[in-house]
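Presented below is the structure to which this report refers.
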Protein chains: 2
Amino acid sequence: MSDRPIRVLVADDQTVVREGIVMLLGLLPGIEVVGAAADGEEAVRLVERYGPDVVLMDLRMPRCDGVEATRRIRTAHPATEVVVLTTYADDESLFPALQAGARGYLTKDAGGEEIARAIADVRSGAAGLSPQVQRRLLERLSAAPAGPAELPDGLTAREAEVLALIADGLSNTEIAQQLFVSPATVKTHINNLFAKTAVRDRAQAVAYAFRHGIRRNS
Amino acid sequence: MSDRPIRVLVADDQTVVREGIVMLLGLLPGIEVVGAAADGEEAVRLVERYGPDVVLMDLRMPRCDGVEATRRIRTAHPATEVVVLTTYADDESLFPALQAGARGYLTKDAGGEEIARAIADVRSGAAGLSPQVQRRLLERLSAAPAGPAELPDGLTAREAEVLALIADGLSNTEIAQQLFVSPATVKTHINNLFAKTAVRDRAQAVAYAFRHGIRRNS
DNA sequence: GGGGCTCTCCACCTGCGGGTGGAGAGCCCC
DNA sequence: GGGGCTCTCCACCCGCAGGTGGAGAGCCCC
């Protein structure tokens, strides 16, 4: 896979943790620790100086936090990959970090072997996410398109149906034909759902429908 | 982690592959193969009969393909997890399978150890995705919200701007005020972008904007 | 039975949205 | 300089969308 060692930079504000990780990584074959940073700004600086292959990044750091540091590193040095290694894997930390460009995400209960594997995976162009993080990603993936979607704002089923057809771009008469009712009925439903959803016209209604995941067959 | 063995069902239409996997899994400690199916329908039936912990599922199968089988299994038996094991990891296979409820996704070049790890991860409530698949997920994650977003259908920047404001629910006069131009200009832009995007009215335009990710500041 | 909700329908009015045709100014590129 | 593109603006017309007020029928629940 790799004949030359993977050059790694460690960024963590807690000295004990930082030095411990450096020690741990130093023992692993195929990994060379080229530097250690105590905050985000230093991490960015050291990346510019040493050009490491992978940065092992803590998220909660003073001055410039891990997400911001990740973003800067990824935009300025796309060849340097970032693996986040943090204590908790809450959504507020996780998704911003991943969107900032982190390719790996591990919690600190990961063992040395896991860290090494994630570093190697990331270096080889893949990704190194802990299984728990993978699961979060899947949930987010299926959350948006699946959308079980309760009807919000007290919409009736009929009103939601009309709203879905509006979002499909149908005119009032077309909706009437589709639902086998009179155009007047459609207008009534529309006026009611406009009032309930606090929108002014069908354009805003379409936006509302998209935001609330109201589509046909729902 | 688990004192009792993980009960696994294998689904693959190619006999050699199926039996090979069964053999391979049988050698692994902590895994018990409870059945093998040659197509999707049989997989669903065998899941109902044996209630396995995990189904190792090929995607391309006759009668009822793996995606459909996964969906049925996950809705009817939420306790049974599905790990996809297929030859290629193209997007057309990958995302439908994950959205159908697969918690694991491996390609067939994975070794026995990898498969075992994925099965164990999935069983413990996490997820078992190959590093390549993880990377795809990350790309999709940052593709949607980031949205570098080329302007489709030859829209000009100004037209896209107007379209974004339409999607925000603004009226023509409001858009005119926002852009410091005359309402007539707004109407011109709107008529042009309607023609280019082949929409009929602003309701359809809003849907178009949402589908193409045209929002403000883009 | 009475009250409340939903779905259905009607008439009327206003105005914004959408369509057409035309035109001038600034820009870039050949 | 000429041609093409974009952005800007105007006038005119029409129709559907949106707002109001009202009403009858079916349903469920107290």
Side-chain angles (χ1 to χ4, degrees), chain A residues 149-212 214-218, chain B residues 148-218:
Chain A
E150 304 300 305
L151 297 183
D153 291 328
L155 287 180
T156 69
R158 197 58 156 173
E159 287 159 358
E161 208 174 353
V162 172
L163 178 53
L165 293 173
I166 289 179
D168 266 16
L170 301 200
S171 70
N172 288 348
T173 56
E174 288 168 338
I175 295 173
Q177 290 166 2
Q178 188 92 14
L179 298 181
F180 302 104
V181 297
S182 143
T185 305
V186 175
K187 295 184 73 171
T188 305
H189 287 314
I190 288 180
N191 273 306
N192 289 336
L193 73 90
F194 278 8
K196 287 181 181 175
T197 60
V199 302
R200 192 206 312 169
D201 49 39
R202 43 206 310 121
Q204 291 186 358
V206 173
Y208 178 95
F210 270 84
R211 274 193 263 269
H212 290 76
I214 297 180
R215 315 291 298 137
R216 272 204 282 220
N217 324 325
S218 78
Chain B
E150 304 300 305
L151 297 182
D153 291 327
L155 286 180
T156 68
R158 197 57 156 175
E159 286 160 358
E161 207 175 352
V162 172
L163 178 53
L165 293 173
I166 289 179
D168 267 15
L170 302 200
S171 70
N172 288 348
T173 57
E174 287 168 340
I175 295 174
Q177 291 167 1
Q178 188 93 13
L179 298 180
F180 301 105
V181 297
S182 143
T185 305
V186 175
K187 293 185 75 171
T188 305
H189 288 314
I190 289 179
N191 273 305
N192 289 335
L193 74 90
F194 278 10
K196 287 181 181 175
T197 59
V199 303
R200 192 206 310 167
D201 49 39
R202 45 210 304 124
Q204 291 185 357
V206 173
Y208 178 96
F210 270 84
R211 275 193 262 269
H212 291 75
I214 297 180
R215 316 291 298 136
R216 273 205 282 219
N217 326 324
S218 81

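Letters go in sequence order (proteins before strands), and every chain restarts at 1. What you see below is based on every heavy atom in this structure, not just the backbone, and it leaves out hydrogens, waters and symmetry mates. Quick caveat: nothing in here was measured; it's all calculated off a predicted structure.
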Heavy-atom protein contacts under 4.0 Å, nucleotides 15-20 of chain C, coded B base, S sugar-phosphate only, - none: --SBBB

Side chain to side chain donor-acceptor pair (under 3.5 Å) against A/Glu161, all qualifying residues, sequence neighbours excluded: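 Counting only residues at least two positions away or on another chain, A/Glu161 forms a side chain to side chain donor-acceptor pair (under 3.5 Å) with A/Arg158.
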
Segment of DNA chain D, first to last nucleotide, that comes within the 4.0 Å heavy-atom reach of chain A: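 So the contact region on DNA chain D extends D/dA17 to D/dT20.
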
What residues form a side-chain contact (heavy atoms from CB on, under 4.5 Å) with [X], not counting sequence neighbours?
X	value
B/Thr185	B/Val181, B/Ser182, B/His189
A/Asn191	none
B/Gln204	B/Val199, B/Arg200, B/Asp201

Listed partners of B/Phe210 passing ring-ring contact (aromatic ring centres under 6.0 Å, His included), at least two apart: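 In terms of ring-ring contact (aromatic ring centres under 6.0 Å, His included), with neighbours along the sequence ignored, B/Phe210 is linked to A/Phe210.
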
Sugar-phosphate, base or nothing in reach of A/Ser182, heavy atoms under 4.0 Å: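 Sugar-phosphate only.
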
Student check: side-chain heavy atoms of B/Leu155 and B/Ile214 closer than 4.5 Å: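 Yes. Closest side-chain heavy atoms under 4.5 Å.
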
pair B/Val186-B/Leu165: side-chain heavy atoms closer than 4.5 Å: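 No. Closest side-chain heavy atoms not under 4.5 Å.
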
A/Ala167 versus A/Val206, closest heavy-atom pair with distance: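 Nearest pair, atom of A/Ala167 first, then A/Val206: CA-CG2, 3.9 Å.
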
Pairwise salt bridge (charged side-chain N to carboxylate O under 4.0 Å, His left out) hits with a residue in residues 181-197 of chain A, at least two apart: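 Listed once each, the pairs are A/Glu159-A/Lys196.
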
Residue pairs involving residues 202-211 of chain B (criterion salt bridge (charged side-chain N to carboxylate O under 4.0 Å, His left out); sequence neighbours excluded):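 Checked against salt bridge (charged side-chain N to carboxylate O under 4.0 Å, His left out) - neighbours excluded - no pair reaches residues 202-211 of chain B.
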
Watson-Crick and G-U pairing of DNA chain D, under 3.5 Å, as dot-bracket with | and [ ]: ||||||||||||||||||||||||||||||

